[in-house]
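Count residues from 1 along the sequence.
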Amino acid sequence: MMQNKSVDFYSNINPLVGLSAKAMRLYVAFEVFRSQTDAQDKPEWFLTPNRDEILGKIGLSKTDIDTGISELIAAKLLEIQSKNSDQWYCLK
């Protein structure tokens with residue numbers, strides 16, 4: 001007989017499991033930002049120019065963005081560094 005596995009079980013295999021729908025949308029939006037960045041020295045790091053304005057156009061409020069970022073960091077899918085008053089992001 002097959003046992004029902006918890007969300008925690010599957011999130012250990014794939015950390016995207018268990019994220020809210022808005023955090024998933026934010027993750028995909030960050031993928032787009034990353035693909036648009038031309039960072040030669042560290043291509044995994046990217047900037048998000050006009051982040052809140054652009055993400056607002058896809059229906060994410062400032063609260064949604066902040067909550068989504070917190071979820072992504074907790075799931076170890078996002079890292080943020082500040083350099084010269086800019087926030088740089090790295091998706092895992």
Side-chain angles (χ1 to χ4, degrees):
M1 186 160 110
M2 206 171 173
Q3 292 182 343
N4 288 334
K5 306 282 188 198
S6 70
V7 171
D8 289 336
F9 172 81
Y10 292 107
S11 66
N12 287 330
I13 296 168
N14 183 343
L16 293 172
V17 173
L19 291 178
S20 69
K22 290 182 180 179
M24 286 291 298
R25 287 175 63 201
L26 182 62
Y27 184 86
V28 172
F30 279 162
E31 285 280 1
V32 173
F33 280 124
R34 179 170 66 178
S35 71
Q36 301 298 315
T37 301
D38 189 23
Q40 300 294 336
D41 56 338
K42 292 186 176 183
E44 67 275 7
W45 288 91
F46 60 95
L47 288 171
T48 58
N50 304 317
R51 181 193 76 183
D52 294 355
E53 179 184 333
I54 293 169
L55 295 174
K57 291 179 182 179
I58 61 167
L60 295 174
S61 69
K62 176 77 169 115
T63 302
D64 294 336
I65 295 165
D66 292 341
T67 302
I69 286 173
S70 294
E71 283 186 50
L72 293 173
I73 290 171
K76 295 182 173 52
L77 292 169
L78 179 67
E79 189 176 332
I80 301 173
Q81 290 184 355
S82 293
K83 293 181 184 173
N84 301 330
S85 73
D86 290 326
Q87 283 194 319
W88 287 81
Y89 299 84
C90 179
L91 290 176
K92 306 293 180 177

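- Atom CD of Glu71 and atom CG of Leu19 lie 5.5 Å apart (nearest 0.5 Å).
- Interatomic distance, Ile65 CD1 to Arg51 CZ, rounded to the nearest 0.5 Å: 5.5 Å.
- Rounded to the nearest 0.5 angstrom, Tyr89 OH and Leu91 CG are separated by 10.5 Å.
- Cluster annotation: Val32 is not connected to Leu26 through the hydrophobic network of ILVMFWY side chains, with a link wherever side-chain heavy atoms come within less than 4.5 Å.
- No more than 12 heavy-atom neighbours from other residues, nucleotides or ligands sit within 6.0 angstrom of NZ on Lys57.
- Thr63 and Asp66 share no side-chain donor-acceptor pair at under 3.5 Å.
- Looking at residues two or more places apart in sequence or on another chain, you find no salt bridge (charged side-chain N to carboxylate O under 4.0 Å, His left out) involving Lys76.
- Atom CG in Asp64 sits 11.0 Å away from atom CD1 in Ile69 (nearest 0.5 Å).
- Listed by chain and residue number, nothing satisfies the side-chain hydrogen bond (donor to acceptor under 3.5 Å, both in side chains) test with Tyr27 (two or more places apart in sequence, or in another chain).
- Taking all atoms of both residues into account, the shortest heavy-atom contact from Phe30 to Leu78 is CE1-CD2, 3.8 Å.
- Nearest approach of Leu55 to Ala29, heavy atoms of both residues: CD2-CB, 3.4 Å.
- For the atom pair CG of Asp86 and CH2 of Trp45, the computed distance is 13.0 Å after rounding to the nearest 0.5 Å.
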Query raised in the report: Gln87 and Thr48: side chain to side chain contact (heavy atoms under 4.5 Å, CB included), yes or no, with the steps?
Result: CA-CA 8 Å; Gln87 283 194 319; Thr48 58; over 6 Å; no

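- Interatomic distance, CZ of Arg34 versus CG of Leu47, reported as 14.0 Å (0.5 Å rounding).
- Partners of Lys92 according to the side-chain hydrogen bond (donor to acceptor under 3.5 Å, both in side chains) rule, which considers only residues two or more places apart in sequence or in another chain, are Glu79.
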